[in-house]
Amino acid sequence: QNGNKTFTMTIRNSDGNEVNVTQKNNGAHTAVVDLLGSQPTNLALIQRGNTNQSYTLSQNCLTVGGCNITVTQGN
């Protein structure tokens, strides 16, 4: 809870994935997520308050059922 948080993730999957990430308060949040693959990935990214939130998402979802992405920013 003192700023300076960074999260980088790349998934290249042939099996399904479920990812939950929480970055907490006092700002300076960043996340870079790259999702590729032939099976579904469920991603929940939460970046909490005190300003400075950002994320970059690259996704190539090749599944018939699609992929689920949830991003929450703020308090």
Side-chain angles (χ1 to χ4, degrees):
Q1 295 188 2
N2 61 354
N4 297 336
K5 298 160 192 72
T6 301
F7 172 73
T8 302
M9 178 181 72
T10 300
I11 293 180
R12 291 178 175 85
N13 66 326
S14 58
D15 295 323
N17 294 295
E18 185 168 327
V19 180
N20 297 295
V21 177
T22 301
Q23 296 176 315
K24 293 209 176 189
N25 298 328
N26 294 332
H29 311 78
T30 60
V32 177
V33 180
D34 186 13
L35 302 175
L36 304 165
S38 58
Q39 294 298 315
T41 295
N42 296 318
L43 169 66
L45 171 63
I46 299 170
Q47 295 178 310
R48 291 291 179 207
N50 301 326
T51 64
N52 294 344
Q53 301 132 20
S54 68
Y55 73 96
T56 302
L57 171 66
S58 299
Q59 181 181 23
N60 186 9
C61 185
L62 303 174
T63 65
V64 173
C67 299
N68 294 316
I69 305 297
T70 302
V71 176
T72 302
Q73 292 181 306
N75 298 323

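Since we're looking at a predicted model, the values are computed, not measured. All values below were derived from every heavy atom in this structure, side-chain atoms included, with hydrogens, water molecules and symmetry-related copies excluded.
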Next item on the list: Measure the spacing between CG of L35 and CE of M9 and express it to the nearest 0.5 Å.
Entry: 5.0 Å
Margin query: Check for me, please, whether L57 and F7 land in the same ILVMFWY cluster - side-chain distances under 4.5 Å, paths through other members count.
Written below: yes
Next item on the list: Mind listing the closest non-hydrogen atom pair of Q47 and Q53 along with its distance?
Entry: OE1-CB, 3.9 Å
Margin query: I need the L43 CG to T70 OG1 distance, nearest 0.5 Å.
Written below: 7.5 Å
Item checked: Nearest heavy atoms of A31 and L45, plus distance in Å -> CB-CD2, 3.9 Å
Check: Looking at CD1 of I11 and CD of Q59, how far apart are the two atoms once the value is rounded to the nearest 0.5 Å?
Finding: 10.5 Å
Item checked: D34: side chain to side chain donor-acceptor pair (under 3.5 Å) partners, not counting sequence neighbours -> none
Check: Listed by chain and number, what are the side chain to side chain contact (heavy atoms under 4.5 Å, CB included) partners of T30, not counting sequence neighbours?
Finding: T6, S54
Item checked: Cluster link V32 to V19, ILVMFWY, side chain under 4.5 Å -> no
Checklist line | Spacing of I46 atom CD1 and T72 atom OG1 [to the nearest 0.5 Å] | finding: 5.5 Å
Notebook entry, point to check: Rounded to the nearest 0.5 Å, how far apart are CG of N52 and CD of Q73?
Noted result: 11.0 Å
